[in-house]
Amino acid sequence: KNQVEQSPQSLIILEGKNCTLQCNYTVSPFSNLRWYKQDTGRGPVSLTIMTFSENTKSNGRYTATLDADTKQSSLHITASQLSDSASYICVVSQILTGGGNKLTFGTGTQLKVEL
Amino acid sequence: GAVVSQHPSRVICKSGTSVKIECRSLDFQATTMFWYRQFPKKSLMLMATSNEGSKATYEQGVEKDKFLINHASLTLSTLTVTSAHPEDSSFYICSARGRGHLSNQPQHFGDGTRLSIL
């Protein structure tokens, strides 16, 4: 069964600190992996996208890593800000027979940044 | 960047009412649109996929007569929740994907519609 598991489920950190979110997946065949940020009551916004051959991708203070062998990804946030408080969702795209693809969503890590 | 507009952002209505939610791609042609449902602290669950000009493909367990999807143009898709009941209360999110290589073409999400059925 295709699954995407994220940890921790929730996290509280102080402003200015760094944190790392984890994502493990069993989706196959693998197409790509995306990290999204979802603010409360809003739709997800893409942060990074990585294909099979990419190990690291950065977007400002966000750095995602991918180990396609172990089927693990991480999202590292540096110098956290209050506005980073949100749910971070790992989404894995699966290649379907016939050329389409299907997304499997993780349940997200709820991050809260405090003063 | 690509923008997907979803309207309304919030709906509160009585049980038995039908509710229509619109999803528009503002600066690109959305060949495929997706409708998701999200419960509190849960992941997005795909309800259906629609390609412009054709019937929507529904995920297992989603009643097509309950959730009517129309994708009549390359910039607009609508989801109508017919005869809504309290158990239909949820956060509904649409996303759109434009032309291009499927594996690298991102989905752009709307800001969601909070539906509350009394």
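Quick note on labels: first sequence line is chain A, next is B, and so on, each numbered from 1.
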Under 3.5 Å, which donor-acceptor pairs do the side chains of residues 103-115 of chain A form with other protein atoms, sequence neighbours left out?
residue: T109(A); atom: OG1; partner: P8(A); partner atom: O; Å: 2.6

Q: Check step by step if side-chain hydrogen bond (donor to acceptor under 3.5 Å, both in side chains) holds for T65(A) and S74(A).
A: CA-CA 5 Å; T65(A) 66; S74(A) 67; 2.5 Å; yes
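Within the 4.5 angstrom heavy-atom criterion, only side-chain atoms of Q38(B), from C-beta onward, approach chain A. Contact of L44(B) with chain A is made through backbone and side chain together, with heavy-atom distances under 4.5 Å. Using a 4.5 Å cut-off between heavy atoms, F34(B) makes no contact with chain A at all. Using a 4.5 Å cut-off between heavy atoms, Q38(A) contacts chain B through its side chain alone, with no backbone atom that close.
Connection of Y36(A) to L75(A) is not established within any shared hydrophobic cluster, with ILVMFWY side chains joined at heavy-atom distances below 4.5 Å, either directly or through further cluster members.
Put simply, the side chain of N18(A) reaches to within 4.5 Å of the side chain of H76(A), judged on heavy atoms.
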